[in-house]
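Read the numbers this way: they start at 1 and go in the same order the structure lists the ligands and their atoms. For the single chain, residues carry numbers from 1 onward in sequence order.
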Amino acid sequence: MSYNAWFQCINGCPGEYSLLEVIYRCPTCGDLLEVQHEMDALRTRSAAAWMQLFDDRYRRNVYPYGSGVWGKKEWVAPFIDNENIVSMYEGTSNLLWADRYGKQLHVEDLWVKQCGNSHTGSFKDLGMTVLVSVVRQMMADGVPIDAVACASTGDTSAALGAYCAAAGIPSVVLLPKNKISIAQLVQPLANGALVLALDTDFDGCMAVVQEITKEKRIYLANSMNSLRIEGQKTASIEIVQQFDWEVPDWIVIPGGNLGNVHAVGQGFSMMQELGLIQRLPRICLAQAERANPLYRAFQDGFKHFEAITAQPTLATAIQIGNPVSVKRAIRTLERFNGVVEQASEQELADEAARADRTGMFNCPHTGVALAALRKLVDRKVIRSNERVVVMSTANGLKFADQKAAYHMGKIDGVKPTHRNMPVELPPDAKKVAKAIARHVDKTRLLVS
Ligand SMILES: *Cc1c(COP(=O)(O)O)cnc(C)c1O
Ligand SMILES: [Zn+2]
């Protein structure tokens, strides 16, 4: 069976474009394009057969099908020759049962999808493996492409750097100067990308990269390029698969440029259309209070949306005031009976630290999602018997500097409610024993 997919306008303008064409916007209305799959072809295989196929491939070692993305190749990018796929075994991330933390929050059935347990430490790998594979396919087909470029708040550039390096393709990343963590800066550097630190914010980098990629030999890797969405949507398919094909009640997800919430929605919609699931979860999109244009729009039922200038936030990956995917994100939230919640700097830092105390190691964006979850539980929008999945978008180790600053009380305007500091002692067994006894008492108090 040959499956087909193409680009079409998100507003339904006529026209279909090859996924191997260098095109990001609808020539008629200028809005974004989205990937459409030939659903009738996909329907020739039954829902049960798809589930069986996906389960058979999951985490096995037949390249590239063990990857969380390429195990679903027919639903993602069926036209790519396997020899052009650039996979680093992305996805297949842990779906963590947050038992103790859930009890503290009064959510009995709480799970955290650890998307940061992936090759470069964030969910951006899921989309980037697809995009870079398509680029390699285009190059193999003789399309003249010199380099792949993106604007980034850190994680996109890490993923682009790694996948391009694996394929031997030149990559260019535009980062807001001094606004990303040292770990995120060093990732594309180590992978040999051209790293351009621009004296602006993410929205400023985004404007420049759109300008330079008007030259078709520089291929655009931001999520306005919908190839990324196709990979990212496998996260929701994988969640359902990890629950033995049961749908959770809620997905809580932090959002900035708002491509990922749309991607997650696309995964569920496709599963429903092909009969793998019968109902949809509700979605909560969580924003930092300092970068909350969608939260503001939600307050009047999405009647108006206004871009803002995002203020500095610890949640650097979502410090975005003019999200590229806002239109399709709003459509997704309307379809999934969604809500938008926000978190202050204090709330996101404390919530990440509180969850860390139950064994996690959360990035600040996951902190935003967890803080939003707490608010929705307090307001009884989310009920205690519902199954909730929080999307943890990046690995906390990327933010070690920021987490250390929290515990040392060095973040301006944030009180380290859950601080834990090293205890400095002389090499004296008695003193060490005393410190242990104090620690045991304190932990008992916390647990009881
Ligand atoms: C990119 C990113 C987000 C936001 O995803 P969008 O698609 O831009 O909404 C959230 N968290 C992390 C860690 C990210 O890297
Ligand atoms: Zn159009």
Q. Below 4.0 angstrom, N of the basic side chain to O of the carboxylate: do Lys103 and Asp99 qualify?
A. yes

(Q) Heavy atoms only, cut-off 4.0 Å: how does Thr156 contact ligand 1, side chain, backbone, both, or neither? (A) neither

Q) When you check the gap from the basic side-chain N to the acidic O, do Arg383 and Asp249 get nearer than 4.0 Å? A) no

(Q) Could you check whether Thr129 and Trp70, counting side-chain N and O atoms only, form a donor-acceptor pair closer than 3.5 Å? (A) yes

Q.
Is a donor from one side chain sitting under 3.5 angstrom from an acceptor on the other, for Gln137 and Asn84?
A. yes

Q: Answer yes or no: does an N/O atom from Ala394 fall short of 3.5 Å to an N/O atom of ligand 1?
A: no

Q. Does an N or O from Thr393, backbone or side chain, lie closer than 3.5 Å to an N or O of ligand 1?
A. yes

Q.
For ligand 1, which is the ligand I care about here, please tell me if Gly259 has any N or O atom under 3.5 Å from one of the ligand's N or O atoms.
A. yes

Q | Metal site angle (apex the Zn ion (ligand 2)), SG from Cys26 and SG from Cys9, 10 degrees | A | 110°

Q | Pairing of Lys415 and Asp350 as salt bridge, 4.0 angstrom limit | A | no

Q) Heavy-atom count around Ile182 CD1 within 6.0 Å, excluding the residue itself: above 12? A) no

Q. Rounded to 10°, how big is the angle at the Zn ion (ligand 2) from Cys29 SG to Cys13 SG?
A. 110°

Q | Side chain, backbone, both or neither: Asn260 near ligand 1, heavy atoms under 4.0 Å | A | both

